[in-house]
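The block underneath contains the structure these notes are about, expressed in structure tokens.
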Amino acid sequence: MLQLEELELLKKSLEGEAGPPAELFQKKVEASFSKTVLSRGMDNRYLVLAVNTVQNEEGNHEKHLIITASQSLEYKELCILRNDWCSLPVEPGDIIHLEGDCISDTWIIDEDFGYLILYPDILISGTSIASSIRCMRRAVLSETFRSCNPATRQMLIGTVLHEVFQKAISNSFAPEKLQEYAFQTIQEIKHLKEMYRLNLNQDEIKQEVEEYLPSFSKWAGDFMHKYISTDFPQMQLSLPSDGSNNNSTCNIEVINSLDIEESIWSPRFGLKGKIDVTVGVKIHRGYKTKYKIMPLELKTGKELNSVEHRSQLVLYTLLSQERRADPEAGLLLYLKTGHMYPVPAKHLDKRELLRLRNQMAFSLSNRISKSSVGKEKTNLAPLPQIIEEEQTCKYCSHVGNCALYSRAVEQQMDDSSVPIGMLPKIKEETQHLKLSHLEYFRLWCLMLTLESQSKDNKKNHQHIWLIPASEMEESGNCIGNLIRTERVKTVCDGQYLHNFQRKNGAMPITNLMAGDRVILSGEERTLFALSRGYVKEINMTSVTCLLDRNLSVLPESTLFRLDQEEKNCDIDTPLGNLSKLMENTRVSQKLRDLIIDFREPQFISYLSSVLPHDAKDTVACILKGLNKPQRQAMKKVLLSKDYTLIVGMPGTGKTTTICTLVRLLFFCLETKNSQRRKFADPSPLHP
DNA sequence: TCTCTGCCAAGAGGA
């Protein structure tokens, strides 16, 4: 009865009879409605029409949401949020996904049952959410200023060891094989490049990697049947489906690896992630044996068995449900010791992690502060609160950005609240910056955020899971109903050539061209975003793609769809550069001087000091074909100590000038190098 | 109305 009255009340408020707040949200509801696909069922998407806080009979607060999944907005349902779910920052106009039961048009989400996912089409990675446990602000900052932290030596070792273990579990743990995989992996170009960047010696890395190998064997001997040395070790693990059976002691036997680096997107839970190894596992308990497919997460650092590490696994059990039955638990393996911990995915943990996900999704999608009056200046929204935990901040790689954002953006607002204890730290981190620098950061941060928002509607790939291929084809950016033909050709590790043809009928008219980035999915909901890659060739009958995964493991009859990857407006790079520009280094200082404070660029006087004088003919040859202004521009660049801007209307030959410049500079470098070699300069030159 | 620019990505570990 109460519910019906409530519906009426809220309906009135929506129609504007109950005063101003409803009007405020009316526009947002309309805006969301026009660009979202609402649906019920597995991937349900509800539009929130109204939010009402009420007191229930026991005197506790509840949030009642009036929601609809019908495009006509006519058919309404009620969603009741209880306990901690009440603090969810949900507003009319928001899109939500609900997990649980709906009984007579009412959803109840409480401590023990059901989940609400806010903005489910924003997929957030498992590691991001895990890192938000300690500091939500750090997690949001690292999503925003992505490309800020270059990898360290430990990270490189970690990546290498992951690869070695993954090769071993797919093939063999025999000691000589492990040696071979380690050697192979270290030789890979991408790793050699990193070693070069970090100024590390290949032998050094090899030695450190080899120190881990005995633990690999130990683990295989403990958990895999074919390497077994003694009995399986006793482990403590009880799964929710074991019910009240409180014998939690069991043996875990790893049967096989089913996938490596499995990448899963979950629009049900608003999550994404890559699972190190997907393993088939037998759980022996007394006389009973249960078979499960579980995520196995590898860690090469300290054996922390920390909340962060365990949370990653809990989130992976949610991801796994997109592809197969609920694993109910995951396995956490520390490669230094070979110790493995089973991690059960309890409702409580999943609930709290999803609530963190919601908070993060809220922060990520509300980057611009909404002014209540409307005429206020557009501004950046504050980030989640700064925490006051010296230990966490001490080792945080985002202190710079954290302090910078606080001073340049948040402290300019009235409602900024920084924990008193953190003020000195923020000052210390930003004292090398002038007011003009802070203002520059604020302005460009705002501009970039606004730019990304204006294109955001297209940015994520929600059509893959919300719109069937047959419908998407009309836009020309998708081809569905494809089957794999011919054998998959392995070009190299991580590049597989696939050929597809329409199962029946001709290929549709399409915008897809050779060179386009694509996302390949199965048409079934369990198989989307299986792989990404490029179109290699496309014609009237077939399409060839270079993909990052080998799909030959899937049944031949699998139906695929190809979606063009939207040219995503990448503000990551410019934001990263902006953050770098503010660093307390000599290079950044110089750049700030030039770019923000407009110091005039300097030039040297004579070309003779840059151009090798005995190379006149070659230089003339390179410059051949350039007109006078182009040559003048080249000269200016060569004399430049700071920068030169080359300005010109489209088609006046800026690109030609730059290409020639690259050839010329390369020539200068070559000449210098060969001269050095001639004079037997002992200082080794990097290639 | 057209042109130009930005693109691999989720996690590698530290205390």
Side-chain angles (χ1 to χ4, degrees), chain A residues 123-131 134-135 138-139 142-143 146-147 149-166 185 190-191 194 198 205 208-209 212 260-266 271-277 295 297-304 306-309 311-313 315-316 319 334-336 389-399 448 451-452 455 459-461 494-495 515-520 529 531-534 546-549 564-578 646-652 654-655 658:
Chain A
L123 308 185
I124 303 182
S125 77
T127 40
S128 270
I129 297 166
S131 89
R134 264 170 190 269
C135 177
R138 172 181 64 181
S142 74
E143 284 280 305
R146 270 164 193 284
S147 50
N149 301 300
T152 60
R153 172 204 171 93
Q154 286 85 351
M155 289 178 183
L156 171 64
I157 303 242
T159 314
V160 170
L161 284 166
H162 270 70
E163 274 184 45
V164 176
F165 185 91
Q166 287 162 339
T185 310
K190 56 183 177 194
H191 297 141
E194 277 298 294
L198 290 161
I205 297 293
E208 195 163 338
V209 167
Y212 279 76
I260 299 292
E261 295 280 318
E262 188 185 19
S263 157
I264 308 183
W265 288 359
S266 168
L271 299 173
K272 63 183 167 186
K274 275 189 182 166
I275 297 174
D276 281 340
V277 190
E297 172 67 20
L298 311 175
K299 294 287 171 199
T300 48
K302 282 216 173 112
E303 188 169 324
L304 297 169
S306 60
V307 197
E308 279 93 338
H309 289 172
S311 296
Q312 223 176 313
L313 278 153
L315 290 163
Y316 290 165
L319 282 181
Y334 290 95
L335 292 177
K336 211 174 233 167
E389 244 181 79
E390 223 177 294
Q391 278 308 306
T392 308
C393 298
K394 195 171 160 191
Y395 298 102
C396 174
S397 49
H398 281 283
V399 262
L448 290 166
E451 186 189 348
S452 75
K455 296 178 186 166
K459 193 185 168 187
N460 62 26
H461 309 289
Q495 291 202 320
D516 280 355
R517 298 188 57 79
V518 285
I519 295 173
L520 182 112
S531 171
R532 37 195 345 149
Y534 297 87
L546 202 54
L547 301 174
D548 60 2
R549 296 182 61 88
Q564 187 173 35
E565 185 155 26
E566 306 275 354
K567 272 192 184 130
N568 58 350
C569 108
D570 177 30
I571 67 155
D572 293 354
T573 313
L575 267 183
N577 290 339
L578 188 61
I646 300 179
V647 185
M649 299 290 275
T652 50
K654 294 185 295 292
T655 310
I658 292 168

- Note on the structure: Sorted by chain and residue number, the salt bridge (charged side-chain N to carboxylate O under 4.0 Å, His left out) partners of Glu303(A) (sequence neighbours excluded) come out as none
- In whole angstrom, give the distance that lies between atom CG of Leu161(A) and atom C1' of dG11(B). 14 Å
- Identify whether any heavy atom of Tyr534(A) sits under 4.0 Å from a base atom; if not, whether one sits that close to sugar-phosphate; answer base, sugar-phosphate or nothing. nothing
- Query: Which part of the nucleic acid, if any, lies within reach of Arg532(A) when heavy atoms closer than 4.0 Å are counted: base, sugar-phosphate only, or nothing?
  - Reply: sugar-phosphate
- Message: Categorize Thr152(A) for me: base, sugar-phosphate, or nothing, with a 4.0 angstrom heavy-atom threshold over every strand shown.
- Response: nothing
- Message: Tell me every residue that passes ring-ring contact (aromatic ring centres under 6.0 Å, His included) with Tyr334(A), counting only those two or more places apart in sequence or in another chain.
- Response: His309(A), Tyr341(A)
- Note on the structure: Considering only heavy side-chain atoms of Thr300(A), the closest of dC8(B), dA12(B), dG11(B) is dA12(B)
- Message: Can you work out whether Leu156(A) or Thr392(A) has the more 5'-proximal nearest nucleotide on DNA chain B?
- Response: Leu156(A)
- Taking atom C1' of dC7(B) as reference, at what distance in whole Å does atom CG of Asn577(A) sit? 14 Å
- Query: Starting at CD1 of Ile519(A) and ending at C1' of dC8(B), how long is that distance when rounded to a whole Å?
  - Reply: 11 Å
- Message: Heavy atoms only, 4.0 Å cut-off, all strands: where does Lys394(A) land among base, sugar-phosphate and nothing?
- Response: nothing
- Among dA15(B), dA12(B), dG6(B), which is the nearest nucleotide to the side chain of Leu304(A)? dA15(B)
- Query: Nearest to the side chain of Arg517(A) - dG13(B), dC8(B), dA10(B)?
  - Reply: dC8(B)
- Task: Using a 4.0 Å heavy-atom cut-off across all strands, classify Gly126(A) as base, sugar-phosphate, or nothing.
- Result: sugar-phosphate
- Which whole-number value in Å describes the distance from Glu143(A) CD to dG11(B) C1'? 12 Å
- Sugar-phosphate, base or nothing in reach of Glu389(A), heavy atoms under 4.0 Å: nothing
- Item | Per Thr159(A) side chain, nearest of listed nucleotides dA12(B), dG14(B), dG11(B) | dA12(B)
- Note on the structure: Separation of dA12(B) atom P from Lys302(A) atom NZ, nearest Å, is 19 Å
- Length of the line joining Leu335(A):CG and dG11(B):C1', which is rounded to integer Å: 14 Å
- Message: What does the 5'-to-3' dot-bracket notation of DNA chain B look like when only Watson-Crick and G-U wobble pairs under 3.5 Å count, and pairs to other strands show as |?
- Response: ...............
- Task: Report yes if a side-chain nitrogen or oxygen of Thr127(A) is closer than 4.0 Å to either non-bridging phosphate oxygen (OP1 or OP2) of dA12(B); otherwise report no.
- Result: no
- Query: If you look at every strand shown and take non-hydrogen atoms under 4.0 Å, does Asp276(A) touch a base, only sugar-phosphate, or nothing?
  - Reply: sugar-phosphate
- Contact check, side chains of Glu261(A) and Asp276(A), non-hydrogen atoms, under 4.5 Å: yes
- Whole-Å distance, Lys336(A) NZ to dA15(B) C1', equals 12 Å
- Message: Which residues pass the ring-ring contact (aromatic ring centres under 6.0 Å, His included) test with Phe165(A), not counting sequence neighbours?
- Response: Phe173(A), Phe216(A), Trp219(A)
- Options dA10(B), dG14(B), dA12(B), nucleotide nearest the side-chain atoms of Ser397(A): dG14(B)
- Return no unless some side-chain N or O of Lys272(A) is found under 4.0 Å from OP1 or OP2 of dA10(B). yes
- Item | Glu297(A): side-chain hydrogen bond (donor to acceptor under 3.5 Å, both in side chains) partners, not counting sequence neighbours | Lys299(A), Gln312(A)
- Message: Applying salt bridge (charged side-chain N to carboxylate O under 4.0 Å, His left out), can you list everything that pairs with Glu389(A), at least two apart in sequence or on another chain?
- Response: none
- C1' gap between dA12(B) and dC8(B), integer Å: 16 Å
- Is any side-chain heavy atom of Tyr212(A) less than 4.5 Å from a side-chain heavy atom of Val160(A)? no
- Query: Starting at CG of Leu315(A) and ending at C1' of dG11(B), how long is that distance when rounded to a whole Å?
  - Reply: 14 Å
- Item | Residue mapping more 5' on DNA chain B - nearest nucleotide basis, Glu308(A) or Ser125(A) | Ser125(A)
- Message: If you only use heavy atoms from C-beta on, which nucleotide in dA12(B), dG6(B), dG11(B) is closest to the side chain of Thr573(A)?
- Response: dG6(B)
- Just to confirm, is there a sub-4.0 Å distance from OP1 or OP2 of dG13(B) to any side-chain nitrogen or oxygen of Tyr334(A)? no
- Task: Drop me the distance from Ile157(A)'s CD1 to Gln154(A)'s CD, to the nearest 0.5 angstrom.
- Result: 7.5 Å
- Heavy-atom side-chain contact between Thr185(A) and Val209(A) under 4.5 Å: no
